[in-house]
Amino acid sequence: MEAWRCVRRGYSRCAVGKGRYPMLPYHLQNLGRDRITPWDISQRFCWNRHISSCMRWPGNDSWAPYPYFSSQHCPLNWRPPCLFLPNRNQFQQWNWRPDNFTHTSLFHLSSYIMDSEEDKPSSKRQKTQGVIKRHWEYLCQHNKENLKILGDKHVDQKCKDEKEKFEFSVMSYNILSQDLLEDNSYLYRHCRKPVLIWGFRFPNILREIKHMDADILCLQEVQEDHYRKEIKPNLESLGYHCEYKMRTGRKPDGCAICFKCSKFTLLSANPVEFYRRDIPLLDRDNVGLVLLLQPKFHCTVSPICVANTHLLYNPRRGDIKLTQLAMLLAEISSVAHQNDGTVCPIIICGDFNSVPGSPLYSFIKEGKLNYEGLAIGKVSGQEQSPRGQRILSIPIWPPSLGISQNCVYEIPQVTRVEKAEEDDVTQKQLEKTEVLVAAKKLSSNLHHHFSLSSVYSHYFPNTGIPEVTTCHSKNAVTVDYIFYSTEKETINTQGTEVAFVGGLKLLGRLSLLTEEDLWTVNGLPNENNSSDHLPLLAKGFYISFVLSTSEHY
């Protein structure tokens, strides 16, 4: 029994019986005792197989690849350990080879072991691995007060009774760029190292996308090389058309919008770069992407404007976030306005790096914001420290940006002056124009003319506990959203209600979770969910075939 106990612990009795010496080298001794996996001949280590990815981690081996094993030989929930070193000669010196494994061999697989007391997770993170469960919440827009939660295959009959309509679903997902993950590895100390490798993560992400089967995908933190080599080819094989906009700086990630070719035709793709060389405020490289899609086989249905963005993270720079948002809204306004004067339905997805109830969030939903006296660190609701308390300037952005306080494009001032010179406008008229422009600068009121609602309510109705869209070692909050244009109602001269074009009706959504729910599966990422964000999914958006005219903005 003592001999067997020693073998289990990686030791052997010495010849004289007064001590123990290690049977296996140091790297193999450190393998933990989480589980035991039987190996047959087909499961032996394959030296010539593809090594999917490798990462560098401070305080650990500088080279720790993750070997690839065929799924037909290993259990579905099994993942091999990081134990190879780049120098094969070390194995020869150890006199240890894969051929020594027999049909009945047992091998321990280890969980990630923290290197210091500081790295150890808190008690709330020491949970067993499992699968988080999310259910569908179905609702009918005609009865907003009553949220009806049903099974996956059942929908409120009132919603079914709607006459001709075009239905589609939208998914928004920050998939966590591998480059950003490695640059911010301190956020993922609760994770086992193999879980964070792209070769492990991408199959999980692709599986989620396949399972949710959305008609429109809005993805953030899409790394360019991964998009080009893996993401785009795989999505195209699933019937998607993909559009991508990479960030303008050194970070190799961006935003993508993908849609099913069987349901939509692309009318236009409009990338938005928030960086402006000549405007010091806009020195960040975030981007947005706006598509105009035409539903197929339904000529009477209006086009749909779909926007995707990832706003600046920095909690102390609310001035930049508001300006980036205004630039995105200006582009949406330009794309969504049709030649006949109508405004098509709008969907805005993304990681807004702002929490529910913050001034930025309220501006999106209410269409107005008076920012006079507002501290820049309060705009997104993230900053809790004394830093970032400088008051927003009036106006936030300079007139040279060419965007008004109503978040629409203006004719550039230079163009106005050139045209004035061509028409021999007097200097007095130019000065009068400058005075009018200066008066506009003093306004501290922002506006936009879209009627937008959030797919999610952000709090659980019975408990008031916040919903969470992202969770890592530092915090768990909601920063991801799907906003959609709702019907606007007015009363005409006959006293009847008229719904303006631009409205979408929401039938259902995939439920979100609480922070406590996520820590029961060790937070994000984990064995089954390979991003630090949850995917958002709105199922059953639809537009009635007959659309009335819109008011002009």
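Keep in mind that what you see is a predicted model, and the values were worked out from it rather than measured. Starting from 1, each residue takes its place in the sequence as its number. Computed over heavy atoms, backbone and side chain alike; hydrogens, waters and symmetry mates excluded.
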Does any part of the side chain of [Y], heavy atoms only, come nearer than 4.5 Å to the side chain of [X], both counted from C-beta?
X    : Y    : answer
I364 : L329 : no
L322 : L392 : yes
N234 : L238 : no
F168 : F264 : yes
Y361 : S454 : yes
V379 : S354 : no
W397 : L282 : no
R201 : L176 : yes

Nearest heavy-atom neighbours spanning A214 and L537: CB-CD1, 3.8 Å
For S380 against P315, the heavy-atom pair lying closest together: OG-O, 3.9 Å
Can you tell me if [X] uses its side chain to pair, donor with acceptor, with the backbone of [Y] under 3.5 Å?
X    : Y    : answer
S453 : Y484 : no
Q324 : L312 : yes
R134 : L512 : no
H472 : Y186 : no
N526 : G523 : yes
S485 : I346 : yes
T470 : L534 : no

K296, NZ: over 12 other non-hydrogen atoms inside 6.0 angstrom: yes
E236 atom CD: more than 12 heavy-atom contacts under 6.0 Å: yes
Do [X] and [Y] have side-chain atoms, one donor and one acceptor, less than 3.5 Å apart?
X    : Y    : result
H310 : D351 : yes
S451 : T486 : yes
Q223 : W198 : no
Q405 : N445 : no
N270 : S268 : yes

Aromatic plane relationship, H241 with F259 - under 30° parallel, 30 to 60° tilted, over 60° perpendicular: tilted
Gap between atom OH of Y188 and atom CD of E182 - 0.5 Å precision: 11.0 Å
Output field: ring centroids H458/Y481 closer than 6.0 Å: yes
Results of side chain to side chain contact (heavy atoms under 4.5 Å, CB included) for Q338 - residues two or more places apart only: L292, P303, D340, T342, C344
Qualifying residues under side chain to side chain contact (heavy atoms under 4.5 Å, CB included), relative to L180, sequence neighbours excluded: S177, N184, E221, R247, K251, D253
Member of R284, K378, R390 meeting the salt bridge (charged side-chain N to carboxylate O under 4.0 Å, His left out) criterion with D319: R390
salt_bridge(K260, D213) N-O dist < 4.0 Å: yes
Full working for side chain to side chain contact (heavy atoms under 4.5 Å, CB included) between K321 and F352: CA-CA 8 Å; K321 295 187 185 190; F352 290 81; over 6 Å; no
Residue pair S172, Q220: steps toward the side chain to side chain donor-acceptor pair (under 3.5 Å) verdict: CA-CA 8 Å; S172 182; Q220 303 90 40; 3.3 Å; yes
